[in-house]
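Down below is the structure, laid out as structure tokens.
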There are 2 protein chains.
Amino acid sequence: MNEPRRSSSLHGGPHPGKTPGATRKGSETRARIIKGALEALENGGMEALTTRKIAASAGVRLATLHYYFDNKESLLLAVLEDLIADMDLAYREIPHSSNPEERVAALIRSMWRYVQRTRNKQIAQIELTIYALRTQGAEWLAARQYNAYIDFYGRLVFSPDEAENAEKSRIGRAVARQMLIGIDGLILQNYALRDDAASEGVEALILATQVYLRRLLANS
Amino acid sequence: MNEPRRSSSLHGGPHPGKTPGATRKGSETRARIIKGALEALENGGMEALTTRKIAASAGVRLATLHYYFDNKESLLLAVLEDLIADMDLAYREIPHSSNPEERVAALIRSMWRYVQRTRNKQIAQIELTIYALRTQGAEWLAARQYNAYIDFYGRLVFSPDEAENAEKSRIGRAVARQMLIGIDGLILQNYALRDDAASEGVEALILATQVYLRRLLANS
DNA sequence: GTCTATAGCATGATAGAC
DNA sequence: GTCTATCATGCTATAGAC
């Protein structure tokens, strides 16, 4: 709705006419700050996340941080944007089977492997998503994040040539939503209980998603 | 493990020999502060949650808050404890069917109705859980919260007489875990996408849980 | 048990030299 | 584009009267 009001602060800088990050050196620094913010967030959580810690974690002076970002808020939203952009790089294990049910199983297992390697990152991402949802004018970012995931995984449910089909694309997206629901729930529960009985949860999720997929295909 | 180190600060006060909240009036105030903290958290989120806002939201002076709680941390953990204690009061729609699969369906629908009525509370609870997990010495609280839910729902999967059976109790708990995974994931996705296509997700979750339950019963 | 007042400090953000 | 120095504010927490 009134989205543009704040979205401007997401990219540009406060300096009229100037554009921090336009030069090569500048954009490298900008990227380092974003990376530092993510690291600090992963280690300490939202509540302890201060601009000073971010600067330290990025190896940058506090003032430099404010040269690249209007304020803390726009930096945090930039971190979330960055996570979205890097998503496809993280999960590059594309399933090779042509059977959609096998693809779903491979996909979920691959996601879960990645999630386990990057526990803190996953929690950080959830914290950032909630932060965006509570930040007036940034709710759309959270939605975009989810849609990006749904899109990405939805495509991978079927083999590339099948994915062109409109109906299969629709089904793929629906399946992706269910996969993401399960993964998010698993992340929270596994993180809280700290047990590895989560592997049973993963297998159950695979089965459930396959059943769901089969049902959607039958009804189409 | 080293759980007792901080758990003491969860209940008592800092005043040696004294016990804030021992009198009737005192415990009412304590409860009001906890309620105010939850309200403030639901409205503004973790990042904006200050002791001042909590005090205002509770209709209490800032100093009064510190009379009842050692510090902000112990207050926040007390809020999470309170949420656990109130859980059974919130979901009092006990399914009446004797068929476990029907009970699961009724349970999930009832949970989801409640979740929809209390969106912000659910997000607040997730934020608190993550907070506890990041707070040294309070991780056990997050685990206890999950276990309380698993216990509570696990019991409701079978009718009261069946629930005594050890094997059914085990199965009930496993099913409850899967239900919670789905609900948590649904909360996040529904909150982020703000669509009501979540109802499809709920139906899919019911089906998946029923399939899972059936499989566990067959293998037992 | 609740109040007013305030200490003591960390925070986000800016000014201005280089 | 990065630095040092600093501001103004709001924070958690405490002191002490009532």
Side-chain angles (χ1 to χ4, degrees), chain A residues 6 9-37 40-41 44-79 131 135 138, chain B residues 6 9 11-37 40-41 44-79 131 135:
Chain A
R6 278 182 184 241
S9 69
L10 278 176
H11 305 98
H15 320 273
K18 293 184 192 176
T19 308
T23 68
R24 209 203 76 250
K25 185 178 172 193
S27 83
E28 270 172 14
T29 307
R30 197 189 130 99
R32 210 166 66 242
I33 293 172
I34 289 179
K35 198 169 158 232
L41 177 56
M46 258 282 148
E47 213 238 352
L49 189 66
T50 66
T51 50
R52 285 175 153 83
K53 278 185 195 158
I54 293 173
S57 167
V60 157
R61 304 285 162 180
L62 184 55
T64 307
L65 187 154
H66 279 100
Y67 175 78
Y68 284 94
F69 298 92
D70 281 18
N71 46 46
K72 193 184 173 184
E73 175 188 321
S74 72
L75 167 55
L76 292 185
L77 297 180
V79 174
Y131 173 79
T135 302
Chain B
R6 277 183 184 241
S9 70
H11 306 96
H15 320 273
K18 294 184 191 176
T19 306
T23 68
R24 209 203 75 252
K25 185 178 171 194
S27 82
E28 271 173 13
T29 306
R30 196 188 129 97
R32 210 167 64 242
I33 293 172
I34 289 180
K35 198 169 160 233
L41 177 56
M46 259 281 143
E47 214 239 353
L49 190 65
T50 66
T51 49
R52 285 175 149 84
K53 279 185 195 159
I54 293 173
S57 167
V60 157
R61 302 285 160 178
L62 186 54
T64 306
L65 187 154
H66 279 101
Y67 175 77
Y68 284 94
F69 298 93
D70 281 19
N71 46 45
K72 192 183 171 183
E73 175 186 320
S74 73
L75 167 54
L76 292 185
L77 297 180
V79 173
Y131 172 78
T135 302

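Within every chain, numbering begins at 1; the chains are lettered A, B, ... in the order of the sequence lines, protein sequences first and strands thereafter.
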Does atom NZ (Lys72(B)) have a neighbourhood of more than 12 heavy atoms from anything else shown, all under 6.0 Å? yes
With a 4.5 Å cut-off on side-chain heavy atoms, are [Y] and [X] touching?
| X | Y | result |
| --- | --- | --- |
| Leu77(B) | Tyr131(B) | yes |
| Ser74(A) | Asn71(A) | yes |
| Leu76(B) | Met46(B) | yes |

Yes or no on side-chain contact (heavy atoms from CB on, under 4.5 Å) for Ile34(B) and Phe69(B), after CA distance, side-chain angles and deciding distance? CA-CA 10 Å; Ile34(B) 289 180; Phe69(B) 298 93; 3.8 Å; yes
Grab the [atom1]-[atom2] distance between [X] and [N] for me, whole Å please.
| X | N | atom1 | atom2 | answer |
| --- | --- | --- | --- | --- |
| Lys72(A) | dC11(D) | NZ | C1' | 12 Å |
| Asn71(B) | dG8(C) | CG | P | 20 Å |
| Met46(A) | dG12(C) | CE | P | 11 Å |
| Ile54(A) | dG12(C) | CD1 | P | 8 Å |
| Glu47(B) | dT11(C) | CD | C1' | 11 Å |
| Glu73(B) | dT12(D) | CD | P | 13 Å |
| Leu75(A) | dG12(C) | CG | P | 10 Å |
| His66(A) | dA8(D) | NE2 | C1' | 13 Å |

Report yes if at least one side-chain N or O of [X] is closer than 4.0 Å to OP1 or OP2 of [N]; otherwise report no.
| X | N | result |
| --- | --- | --- |
| Tyr67(B) | dT2(C) | no |
| Thr29(A) | dG1(D) | no |
| Thr51(A) | dT11(C) | no |
| Thr50(A) | dA10(C) | no |

Just verifying a value: how many Å separate Thr64(B) OG1 and Arg30(B) CZ, rounded to the nearest 0.5 Å?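 Output value for this atom pair is 14.5 Å.
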In numerical order, the residues of residues 58-65 of chain A whose heavy atoms come under 4.0 Å of DNA chain D are Arg61(A), Ala63(A), Thr64(A)
Matching residue for Leu62(A) among Thr51(A), Ile54(A), Thr50(A) - test: side-chain contact (heavy atoms from CB on, under 4.5 Å):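 Result for side-chain contact (heavy atoms from CB on, under 4.5 Å) with Leu62(A): Thr51(A).
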Name the residue closer to the 5' end of DNA chain C, choosing between Arg52(B) and Ser27(B) according to the nucleotide with the nearest heavy atom.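 In this pair, the answer is Ser27(B).
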